[in-house]
Amino acid sequence: MYSVELKQVDKSYDKEQLVVKDVSVKIEPGEFFVLVGPSGCGKSTLLRMIAGLEEITSGSILIDGKKADHLPPSKRELSMVFQNYALYPHMNVEDNITFGLDVKKMRKKEKKEKCCEIADMLGLTDYLKRKPRHLSGGQRQRVALARAIITNSPICLMDEPLSNLDAKLRAHMRSEIRELQRKLGLTLIYVTHDQVEAMTMGDRIMVLNEGVIQQVGKPIDVYNAPANPFVAKFIGSPPMNVTTGLVDKNSSQVTISEQISFSVDRFTVKDLNSEEVIVGIRPENIRIYEESSNQNLSFEVTIDHVEILGTETLLKFKWNDSVWYAKWYGQWDIRVGQSLTLSLDPDSFCIYDGCTESLMQGPRNIQHQHVREGIV
Amino acid sequence: MYSVELKQVDKSYDKEQLVVKDVSVKIEPGEFFVLVGPSGCGKSTLLRMIAGLEEITSGSILIDGKKADHLPPSKRELSMVFQNYALYPHMNVEDNITFGLDVKKMRKKEKKEKCCEIADMLGLTDYLKRKPRHLSGGQRQRVALARAIITNSPICLMDEPLSNLDAKLRAHMRSEIRELQRKLGLTLIYVTHDQVEAMTMGDRIMVLNEGVIQQVGKPIDVYNAPANPFVAKFIGSPPMNVTTGLVDKNSSQVTISEQISFSVDRFTVKDLNSEEVIVGIRPENIRIYEESSNQNLSFEVTIDHVEILGTETLLKFKWNDSVWYAKWYGQWDIRVGQSLTLSLDPDSFCIYDGCTESLMQGPRNIQHQHVREGIV
Amino acid sequence: MKILRPTITYMLLILTAVIVFFPVVYAFFISFMSGAELLQGKFIPETFHLDNYQKAFERLPLAHYLWNSFFVSTVVMLGQLLVSALAAYAFVFIPFKGRNFVFFIFISTMMIPWEATMIPNFLTIQQLDWINNYQSLTIPFFAIAFGTFLLRQHFLTLPKELKEASDIAGLRSFKFFWKVVIPYCRTSFITLGAYGFLTTWNMYLWPLLVTNNDQVRTVQIGLKQLQTQEMATDWGVVMAGVIIVIIPTLILLFLGQKQLQKGLAQGALK
Amino acid sequence: MKNATEIQAKSITRIDAKWKFIYWRSAILYLLPSIVLFSVFLFYPLGKTLYLSFFLTDQQGIANVFVGFENYQYILQAESFHKSIKATFLFVLYTVPTGVIISLFLAVLANEKVKGVGFFRTIYSSTMGISVAASAVVWLFIFHPSMGILTQIITSLGGTSIDWLLHPDWALVSVSITTIWMNIGFSFLILLGGLQNIDEHLYESARISGASYFYQLRRITIPMLSPTLFFVITVSLINSFQTFGQVDILTQGGPSESTNLIVYSIYREAFVNYQFGTASAQSVFLFICILIVTILQFKFGERKVHYQ
Amino acid sequence: EGEETNEDTSGEEQQTEESNESEDTNEEEATDEKVEAVFWHAMSGGGQESIEAIVDNFNQSQDQYTIIPEFQGSYEEALTKFRSVGGTEDAPAIIQTFEVGTKYMIDSGFVEPVQSFIDQEGYDISQLEENILNYYTVDEQLYSMPFNSSTPVMLYNKDAFEEAGLDPENPPQTFEEIKAAAEKLTVKDGDNTERYGFSILNYGWFVEELIATQGGLFVNNDNGRTNEATEAVFNGEEGLRVFQLIDEMNKAGTYGNFGANWDDIRAAFQTENTAMYLDSSAGVAGTVENAPFEVGVAYIPYSEEVERNGVIIGGASLWMSNGIEQEKQQAAWEFMKFLQTPESQAKWHIDTGYFAINPAAYDEEMVQERWGEFPQLKVTVDQLQETKPSTATQGALISVFPEARQQVVTAMENVLQGTDPQEALDQAAEETNRVIEQANRANQ
Ligand SMILES: Nc1ncnc2c1ncn2[C@@H]1O[C@H](COP(=O)(O)OP(=O)(O)OP(=O)(O)O)[C@@H](O)[C@H]1O
Ligand SMILES: Nc1ncnc2c1ncn2[C@@H]1O[C@H](COP(=O)(O)OP(=O)(O)OP(=O)(O)O)[C@@H](O)[C@H]1O
Ligand SMILES: [Mg+2]
Ligand SMILES: [Mg+2]
């Protein structure tokens, strides 16, 4: 179990534009660390720099505490799983798996044994003699995993390993990879742009945008209290609804769309740099207006689109010049075009500084969201 | 708005094996009809037969009530969107869109006007002069749509049009296509193997397996009362938990795993062909055991895997020799390895004949699932 | 309409095939004719006697020539594959400076007419004392720009992750070349191989220049030897020679046609 | 944020240099066989040719009188060389477009999905396996003024027999026909491969639009095939500039030097007349011609080409 | 050890070894000491068969020398190679070179004149055909040993003569007679000419011959025999007459053009597409044998304005390399002598139709037999023997002969396409002069 540490790492391909900017983070030994961000934000670049496939422009990388900037990939004691699996199409599964061992001049028998062991673990025993093209997507994925695992490298890097699989298989492989990582105690750095994977797999996730770290933390924390509107919108599906509000510093009141207003913490307001704040609320915190709820936080909308996904219903509507979503548990029979009065939960707001975009106040009702501990 | 009717359509490529078997269905004018099923089940084949790209082996196809078996594709008044878009890579967007009109020898000005109109509708105006390879996936998808729409054909066929897009874009395009179909009043036949698309887009869906129709109906009906275990497992994510139970015909009691038993309708039991039934229950209908619930329907399990997806928590565990899932609303702090006592909701069971696999009794608690009408 | 199209297609196919293949069939028939039949301008011989073939083989050590041709073509083929593959590997997988420039130089060599360099080459061979050696028939042809180009195009299609995966595993670059690149690009190797084999098999002027005796001569020279200048040519025998010469290559071509087509197309597309 | 200059300042040039050196070294190793062979058998002779073109050579082929550009001056004003150039360009004009069009036609035909098409593909590609020497001999006989099948067919149909290889105008045509036939196989194979790479869905889409066969051919097949066509045309151009064998066997450059293509003229200058100086000058001229044509081809032709 | 030193031909050696072994197993020792001499020739087809048979005979006739025959492509191709190996160890002991290469060979300095062996040994060459020797004798020295020699003759279709009302036993002799006969022999069917009266192969040699038989020269300085030739003179009146004949007949439609290929013109004759044509004496037997009609052979025509001078010898001769081991030269010399024996010559004459260098061969039984069968063959010999020796019939000596010949062919083809004969000839002469001048410049 090795740690990986990045220190002020920069990367530029064309010596002009920085693709990765000043990234510093320490990945603990045995951690499942997820790197997430939109396409082109530099995730792969970062991973490839750790692997040594790409030079770093400045900064340095420490593996197991030792400087590794100029080590060739093979000396970094890591393995890697590629998005398209990078299986050698002309070799059968067994040869593919033992490919990395060839270098190590292991005895043939030993190699075979090891291969069988791993194949067994991943349920590949029956396919050892097949060529990759005769395997299904999930099986290929497993071969790629096996190939990474067999080298016994303490660090494993994965670059969107599941993005070529269909939804069902993806769900299955998610848990498989997670279990494997636990069992082997790997330090795993996992790149994805799928936020379901980010949410469910990692011990910690790091959200990246345009090469800059946005937030590092436990998935649930990132979900509940996104550090800035970008993270708020990126994590969660449908994304958090975000709008601007005006703040009255005297009364500590925030007004949205001249219609809705609520009060915020006094101290929070003091730190504000501008009159404007960005207010975010997750779709599940938008409710049907009931008599009992706060009059100030309700508004009427026309539903543009309804999607019933079995146990939950998704509503789409326009409000305050942007598209909003609401997500309710259960199957709701709502027609497109129908008018509804909705209300917001004041305790669920995330409030960001309109200028610096940093989080001023997170939601207070996280307790409400059924986090129950120790039920037996 | 034309209707499309299939009458006992068979298809065989090699004159030996039937790829599509005895398919009869009528697609109503203006309907959004989704064809769903696992890979290789014959969806594309069916669609291509409707388009006239593939001959039908037996049976017949009626378009707008008229027999169309031997019409060439261009005479069937339909348009088609392919999975890989099939854009002409050497033509710019405008030429791609107007390709169908070129064939019809329309006047240049008229063509241009029409193209602009459609491009405007789909937000492609800025890209008209670009080549497809300079477009993003979503833009390409839109060009393909535009090309299909511009011909004004009353029927549109789409073969997995979104499968090459990433999740976010897919969600967006889903509603876009649906809105377009409504606006233009198209009869749309839509092939997918993604059940989210199936659930959210169609007026009706048809589930196909190995070339045979499994069920045709409204998505919500299919979800709530799948016609057989195949559909039950195919629709819904995570899939419905399915297990076998023994039935005592006298007492009308079903026993699962010698541990859980519940009674079923007397008349249902009478029709049974065997002693065995297949019992299905959706993950969201598995609850934490509370004192108040039925003792008979509870059991203890060890949790293998937990995934917290923002607003819902997914649990995986083994019971009765198969993998089961439970899905709860909210963020639950449950650790892997923890033991939980769970209970089943007796009103949510789907019970299938163990022999014929047909639905004997659907869930009775669909009302419970918050279907509310006419809230203003 | 449904029947019409295949019918037209078949008619065109047959017609064009007859035209294209006619010269070969014609040569085949003539190879069985006696001199008198030839003068009568017949197309199909009265009897298919093998006299001409017998004469051809008697007159020249054709079997030995065939063997030489086969040997030389095979060696050139292997040499070309190796040399081109090495060069293509460097162009694709080693990011050295000036790569594009060197590649351009390579490609430009395709434009040098072989005849333009033949005289100095002949002198070189002579200085190397390679006259009458298999070396002189093979080694000058090991490096061909076309081969490098074709293989490079195919190597480019190899996912770069394969290279990276082997980098991480720590594989030597030569081993990667040997264990991954070559098997992965089998089609284009077959293509280039067939191409090299055929072109070498068909060489005439150069083998004649650098060989003096039957020992290492190739079958195309044999074909020339069957023709005469001042004395009357025995056309039947010549055509028998033609048939003998083209049959091995035709067989090779028929066998490898599919691969060849795939591979060549790959090289053609940038 | 840091700017570009800062980055450059920070980057460690020493390490850079080390990697560059390693890459260079291994690149050289891999390229060595090619470079050595090219140098010995291509660049050195080319240089030598250039050198010789400024000399008169004696009977042993040794350059012993330096004449500067005299050889060039001579070939540029000599009528027979003008004829050579004219013949070469005519030959290129006859063979390249026709050959490509015929191959394209055959490839399109053989791309139809009908039973037994594999057999026809084999037939069409067969000419690739027939050597220049063999095919020229066969065609020589086909063109035979008295025994040749062509003359016989024409006269039996009541036409006027044609002096295939004897009339200056026809001789070049005859050599062209032979050449086209010989090149069909190669061009056909490449074009067929290109056709098969075109996505079938494009045609299905066009069929739904109601595009006719020829409309599809014009608007889809040809543009999609353009990279392959470009390649075939380039290779055919280069090849036809370098045609030698068929001329040697069919016409020896005659009659009236009408088929005295440049390469053949070089051969004759060098090996029959032993004028290495003028032969070399012609070679250099030819090289420049091919270079120019190829560059022009890449410059203008490639614009029309669509790459995936 | 002999085996080790000569790797290239070791296979060949084994072959001879084997053949010797089968012949006489006791002479293994002797086999090793045999001197090997390489013989480059340019005979393909039947000629190759015959030459190899003769070589075989020689190799078996004695046990000192082994001659190894090696085909080297056409004369030009063989010469090309010789140019580069000449004067070195790699040079063959004997090389067969066509007559137009004579001057080049002499100037090259790579050859040993056979005269030196003749003198050394006192070999009697008077037994050989004088008119053949003349060609290869320069400055009183016989440079090479004549080998396959031929002359042009006119072949005609006797049946056609009868059909046209001409006397088949009295063929036309002069240009005018040819013209007249051709007129009658030409058969037309609408636009198509079914049979032409007369044809000449587009080959410079025939023009040279037609000039020589009028006593005309090809180049100045007595055909280059008294001094280095500096100028072409074939565009003089003799040449013009030949070209005018061709031009006039061509315009009259009685002249058939069958190109530059020997086989084509023969086929044309045999398929009765032309009634008279000029051929090499080497081709006579084959044509007579194959033609489905009676074939007549006549002397080549001459202009009525001059008297007949006869023909220049064509074909090729054998040259001996210098700079190689003495032993090999000796082997070559022995072989050349062997070739001159009446038996060898008789076989050669019969197999190929080339002349016998040694007229004694004609008395050999096999030749007489053959002549009985084909009396036409004798005409060719008569024509040669009747030739008046002169610088004209001795043939031209120019180093750039192949080029000059090519120019003449081009001129001939141009005339057939309608160019004025004088203009065509002048152009050819001018070109030839240029090359001669250049060659002289380069070889100073
Ligand atoms: N080899 C390269 N040369 C130049 N620019 C590159 C190179 N590789 C990547 N980039 C650029 O660097 C940026 C980051 O790319 P990177 O591949 O790291 O993104 P990513 O986060 O992995 O995206 P994705 O989710 O699409 O894989 C992009 O803007 C990309 O265009
Ligand atoms: N052209 C063909 N020739 C022979 N068999 C075919 C052909 N096309 C499809 N099949 C077979 O028919 C069956 C159904 O194929 P089809 O393409 O309709 O499946 P699908 O439902 O569209 O699958 P997917 O979701 O993977 O697209 C498969 O078993 C397939 O192998
Ligand atoms: Mg990436
Ligand atoms: Mg499909």
Side-chain angles (χ1 to χ4, degrees), chain C residues 6 9-10 12-13 16-17 20-21 23-24 26-27 30 38-39 41 43 83 86-87 89-90 94-97 109-113 115-117 119-121 124 140 142-143 148 173 198 201-202 204 220 223-224 235 238 242 245-246 249-250 252-254 257 260-262 264-265 268-270, chain D residues 20 23-24 26-27 30-31 33-34 37-38 40-42 45-46 48-49 106 109 112 114 120-126 128-134 137-139 141-142 147 149 152 184 189-190 192-194 197 227-228 231 238 242 244-245 263 266-267 270 276 283 286-287 290-291 294 307:
Chain C
T9 310
Y10 273 118
L12 283 174
L13 278 171
T16 46
V20 169
F21 210 55
V24 179
Y26 189 47
I30 289 177
L38 261 175
L39 279 179
F43 178 57
V83 173
L86 285 172
Y89 181 86
I94 304 175
F96 63 97
K97 212 175 158 204
T109 63
M110 272 207 271
M111 277 158 248
I112 301 175
E115 282 75 14
T117 59
I119 310 153
N121 276 340
T124 309
F142 281 1
T148 310
S173 94
L198 291 177
W201 183 276
N202 291 342
Y204 163 69
Q220 304 294 341
L223 190 59
K224 179 86 171 187
W235 279 104
V238 173
V242 167
V245 170
I246 66 177
T249 43
L250 280 189
L252 185 81
L253 193 71
F254 292 171
Q257 203 246 125
L260 203 60
Q261 172 197 329
K262 246 195 275 173
L264 283 177
L269 300 166
K270 287 239 146 175
Chain D
K20 264 183 199 151
Y23 285 143
W24 251 105
S26 49
Y30 280 97
L31 290 174
S34 297
L37 287 167
F38 275 141
V40 174
F41 294 109
L42 223 49
L46 202 64
K48 181 123 187 213
T49 302
L106 292 180
L109 198 59
E112 287 289 315
V114 291
F120 292 100
R121 288 181 187 167
T122 310
I123 294 286
Y124 297 149
S125 56
S126 65
M128 190 183 164
I130 300 174
S131 64
V132 176
V137 166
V138 176
W139 279 94
F141 200 77
I142 292 175
M147 292 189 287
I149 188 92
Q152 286 181 26
I184 280 178
L189 268 182
I190 294 180
L192 182 64
N197 278 346
T228 322
F231 175 81
I238 293 176
Q242 300 187 5
F244 168 77
V263 170
I266 293 171
Y267 165 79
F276 280 167
S283 302
L286 173 63
F287 177 64
I290 297 181
L291 199 68
T294 318
Y307 287 113

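Per chain, numbering begins at 1; letters A, B, ... match sequence-line order. Atoms considered below: every heavy atom in the structure, side chains included; atoms not considered: hydrogens, waters and symmetry mates.
Each of D/Tyr30, D/Trp139, D/Tyr124 has some count of heavy-atom pairs under 4.5 Å with chain C, and the biggest count is that of D/Tyr30. The candidate from C/Pro23, C/Ala90, C/Ala27, C/Ala87 with the greatest count of non-hydrogen atom pairs under 4.5 Å with chain D is C/Pro23. Most heavy-atom pairs under 4.5 Å with chain C, from the set D/Gly245, D/Ser26, D/Gly129, D/Ser125: that is D/Gly129. Contact count versus chain C (heavy atoms, under 4.5 Å) is highest, among D/Ile123, D/Ile184, D/Thr49, for D/Ile123. The most heavy-atom pairs under 4.5 Å with chain C, out of D/Ile290, D/Leu109, D/Ile238, D/Val114, come from D/Leu109. With chain C as partner, the option from D/Phe287, D/Phe141, D/Phe244, D/Tyr267 having the largest number of non-hydrogen pairs under 4.5 angstrom is D/Phe141.
The OG1 atom of C/Thr148 sits 5.5 Å away from the CZ atom of D/Phe38 when rounded to the nearest 0.5 Å. Atom CD1 of C/Ile30 and atom CD1 of D/Ile142 lie 7.5 Å apart (nearest 0.5 Å). Note that CD of D/Glu112 is 10.5 Å distant from OH of C/Tyr10, once rounded to the nearest 0.5 Å.
Contact detail for C/Asn121 and D/Pro45: the closest heavy-atom pair is OD1-CG, 3.1 Å. C/Phe96 and D/Leu31 make their closest contact through CZ-CD1, 3.7 Å (heavy atoms, listed as atom of the first residue, atom of the second, distance). In terms of heavy atoms, D/Ser34 sits closest to C/Val83 at OG-CG1, 3.2 Å. Nearest approach of D/Leu37 to C/Ala143, heavy atoms of both residues: CB-CB, 3.6 Å. Across all their heavy atoms, C/Leu250 and D/Ser126 have their closest contact at CD2-O, 3.4 Å.
Of the atoms belonging to C/Tyr89, it is side-chain heavy atoms, and not backbone ones, that fall under 4.5 Å from chain D. Both the backbone and the side chain of C/Thr16 come within contact range of chain D, each with at least one heavy atom under 4.5 Å from a heavy atom of that chain. Heavy atoms closer than 4.5 Å to chain D are found in both the backbone and the side chain of C/Val20. With a 4.5 angstrom heavy-atom cutoff, D/Leu286 touches chain C only via side-chain atoms. With a 4.5 angstrom heavy-atom cutoff, D/Ile130 touches chain C via backbone and side-chain atoms both. Only the side chain of C/Tyr26 comes within less than 4.5 Å of a heavy atom in chain D; its backbone stays farther off. Using a 4.5 Å cut-off between heavy atoms, D/Leu291 contacts chain C through both its backbone and its side chain.
Here the side chains of D/Phe41 and C/Thr117 are not in contact, with every heavy-atom distance at 4.5 Å or above. Residues D/Pro33 and C/Leu86 meet the side-chain proximity criterion, which asks for heavy atoms closer than 4.5 Å.
By the side chain to side chain donor-acceptor pair (under 3.5 Å) test, D/Ser131 is found to be paired with C/Gln220, residues two or more places apart in sequence or in another chain being considered.
A side-chain contact (heavy atoms from CB on, under 4.5 Å) with D/Val138 holds for exactly one of C/Val24, C/Val242, C/Val238, C/Ile246; it is C/Val242.
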